[in-house]
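Report on the following structure.
For the numbers below, each heavy atom of this structure counts, side chains included, while hydrogens, waters and symmetry mates do not.
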Amino acid sequence: MALPPKFNAHRLTFSSSLTSAPEPKHTIELFLDYVCPFSAKLFNHLYNNIIPKIISPNPSLSSKVDFIIRQQIQPWHPSSTLVHEAALAVLQLTNSPAKFYQFSSTLFTHQKSYFDISLVNETRNQTYRRLAKLASDTISDLDEEAVYNLLAIPSQPGEDGALNAGNAVTNDVKLITKINRLLGVHVTPTVIFNGVVANEISSGWTEEQWKEWLDKNIV
């Protein structure tokens with residue numbers, strides 16, 4: 001499925017130019033939840049090992065494949081929404097695949113800080129404050145207050161008396177949720193290769209297994 005322009009930074013392309021390079025032949029979509037341990041395992045291995053060691057140095061692979069992060073909020077993890085909102089705030093402020101993937105990596109590294117037990121005595125805005133600081137600590141030119149202002153929930157009703165207006169990324173949450181529901185994805189991690197669920201791909205795959213699969217499928 002195509003990406004709405006506002007989510008263009010979800011696409012990690014290995015082409016040198018988004019405007020002049022030919023459309024990649026293959027697309028690997030990763031449906032991930034930032035507070036899912038298996039999502040973290042899959043993302044971290046891809047981001048830290050497979051992409052830099054196998055894909056990026058190999059033009060025969062890197063010229064033919066893109067990765068897309070599909071943010072998959074899972075409601076049985078109550079904090080999932082908050083953490084994904086932080087990523088959407090970074091996306092709004094930077095529109096940069098490199099910075100979005102960098103912050104995604106940080107969120108997965110620190111995911112235990114946003115598990116249920118870690119948040120049980122924290123207000124929603126306190127969690128947003130921590131996430132905003134994490135974003136600014138991760139991306140040097142990103143302003144913490146700018147991130148927080150997109151996330152914070154007002155303490156007073158709106159001018160029209162609204163009590164449930166959400167925040168400045170609520171509409172983006174609605175959109176990514178609608179997209180994922182349309183595709184019928186429910187759990188994480190789910191990998192879709194060229195529009196078809198690739199059930200064979202596991203978060204526990206080794207570098208050798210990834211290389212074998214890529215050599216077979218990215219042709």
Side-chain angles (χ1 to χ4, degrees), residues 1-4 6-14 26-52 54-55 65-92 94 96-116 118 127 131 134-135 138-139 169 172-207 209-210 213-214:
M1 176 174 284
L3 277 174
K6 69 189 308 181
F7 299 143
N8 199 44
H10 278 154
R11 183 188 299 274
L12 181 62
T13 180
F14 301 98
H26 301 285
T27 300
I28 298 174
E29 299 173 81
L30 306 169
F31 292 77
L32 305 175
D33 180 359
Y34 291 119
V35 293
C36 165
F38 296 102
S39 292
K41 187 175 182 180
L42 176 61
F43 178 89
N44 289 334
H45 189 44
L46 273 172
Y47 186 73
N48 296 314
N49 298 311
I50 305 306
I51 289 174
I54 296 176
I55 297 175
V65 64
D66 279 355
F67 285 88
I68 295 176
I69 291 290
R70 297 286 192 181
Q71 293 181 239
Q72 178 77 10
I73 295 171
Q74 299 187 116
W76 48 89
H77 298 312
S79 63
S80 179
T81 298
L82 310 187
V83 180
H84 280 277
E85 285 177 324
L88 290 168
V90 169
L91 197 66
Q92 280 194 23
T94 68
S96 162
K99 292 176 181 180
F100 172 75
Y101 273 76
Q102 182 184 5
F103 185 52
S104 292
S105 178
T106 297
L107 287 175
F108 280 124
T109 298
H110 293 270
Q111 69 172 193
K112 289 184 179 179
S113 297
Y114 303 97
F115 284 0
D116 291 352
S118 302
T127 303
L131 285 163
L134 185 67
T138 300
I139 302 170
V169 297
D172 289 350
V173 169
K174 292 178 180 179
L175 185 52
I176 64 170
T177 302
K178 289 176 182 178
I179 291 171
N180 294 3
R181 286 177 177 173
L182 181 63
L183 295 172
V185 175
H186 299 287
V187 297
T188 62
T190 294
V191 181
I192 290 183
F193 176 60
N194 292 340
V196 179
V197 175
N199 285 320
E200 71 274 17
I201 295 179
S202 167
S203 61
W205 269 13
T206 63
E207 289 184 31
Q209 288 172 301
W210 268 107
W213 187 89
L214 289 165

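- Using a 4.5 Å cut-off on side-chain heavy atoms (C-beta onward), Phe38 and Thr188 make no contact.
- Between Ile68 and Phe7, the closest side-chain pair of non-hydrogen atoms is not below 4.5 Å.
- Note that the OG1 atom of Thr81 and the CD1 atom of Ile73 stand 4.5 Å from one another [nearest 0.5 Å].
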Report task. For side chain to side chain contact (heavy atoms under 4.5 Å, CB included), just list the numbers for Ile28 and Leu46, CA-CA rounded to whole Å, side-chain angles, deciding distance to a tenth of an Å, and then say yes or no. Result -> CA-CA 12 Å; Ile28 298 174; Leu46 273 172; over 6 Å; no
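- Within the model, atoms CG of Leu12 and CZ of Phe100 stand 10.0 Å from one another, a figure rounded to the nearest 0.5 Å.
- Taking both residues in full, the closest heavy atoms of Lys99 and Ile139 are given as O-CD1, 3.6 Å, listed atom of the first, atom of the second, then distance.
- The structure places CG of Leu30 at 8.5 Å from CZ of Phe43, a figure rounded to the nearest 0.5 Å.
- Contact annotation: the side chain of Ile50 never approaches that of Trp205 to less than 4.5 Å [non-hydrogen atoms, C-beta and beyond].
- Every residue two or more places apart in sequence or in another chain that forms a ring pair (Phe, Tyr, Trp, His ring centres under 6.0 Å) with Phe193 is listed here: His26, Trp213.
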**Report entry** Worked check of side chain to side chain contact (heavy atoms under 4.5 Å, CB included) between Glu85 and Leu131
**Finding:** CA-CA 9 Å; Glu85 285 177 324; Leu131 285 163; over 6 Å; no
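- By the 4.5 Å heavy-atom criterion applied to side chains, Thr138 and Val90 are not counted as neighbours.
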Report task. Walk me through it: do Ile179 and Gln71 pass the test side chain to side chain contact (heavy atoms under 4.5 Å, CB included)? Result -> CA-CA 10 Å; Ile179 291 171; Gln71 293 181 239; over 6 Å; no
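- In this structure, Phe31 and Leu183 have side chains that are in contact, with non-hydrogen atoms separated by less than 4.5 Å.
- The backbone N or O of Val35 lies less than 3.5 Å from no partner atom in the side chain of Ser39, so there is not a single donor-acceptor pair.
- At a threshold of 4.5 Å between non-hydrogen side-chain atoms, the residues Ile176 and Leu88 count as touching.
- Partners of His77 by ring pair (Phe, Tyr, Trp, His ring centres under 6.0 Å), not counting sequence neighbours: none found.
- Distance check, rounded to the nearest 0.5 Å: CG of Leu32 to CG of Leu42 gives 6.0 Å.
- Asp33 and Ser80 are linked by a side-chain donor-acceptor pair at a separation below 3.5 angstrom, with hydrogens and angles left out of the test.
- Residues satisfying the side-chain contact (heavy atoms from CB on, under 4.5 Å) test with Thr109, not counting sequence neighbours, are Ser105.
- Looking at heavy atoms from C-beta onward, Asp116 lies in side-chain contact with Pro78 at the 4.5 angstrom threshold.
- Under the ring pair (Phe, Tyr, Trp, His ring centres under 6.0 Å) criterion, Tyr34 pairs with His84, Phe108, sequence neighbours left out.
- Gln209 and Gly204 get closest at one heavy-atom pair: OE1-O, 4.1 Å.
- The structure places CZ of Phe67 at 15.5 Å from NE2 of His10, a figure rounded to the nearest 0.5 Å.
- Residues Gln72 and Thr190 have side chains that never bring a donor and an acceptor to within less than 3.5 angstrom of each other.
- Listed by chain and residue number, Thr170, Asn171 satisfy the side-chain contact (heavy atoms from CB on, under 4.5 Å) test with Lys174 (two or more places apart in sequence, or in another chain).
- A heavy-atom distance below 4.5 Å is found between the side chains of Pro37 and Phe115.
- Summarising the geometry, atom OG belonging to Ser118 is positioned 10.5 Å from atom CD belonging to Gln111; distances are rounded to the nearest 0.5 Å.
- With sequence neighbours excluded, no residue satisfies salt bridge (Lys or Arg N to Asp or Glu O under 4.0 Å) with Lys112.
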Report task. May I have the step-by-step check of side chain to side chain contact (heavy atoms under 4.5 Å, CB included) for Leu107 and Leu134, ending in yes or no? Result -> CA-CA 8 Å; Leu107 287 175; Leu134 185 67; 3.9 Å; yes
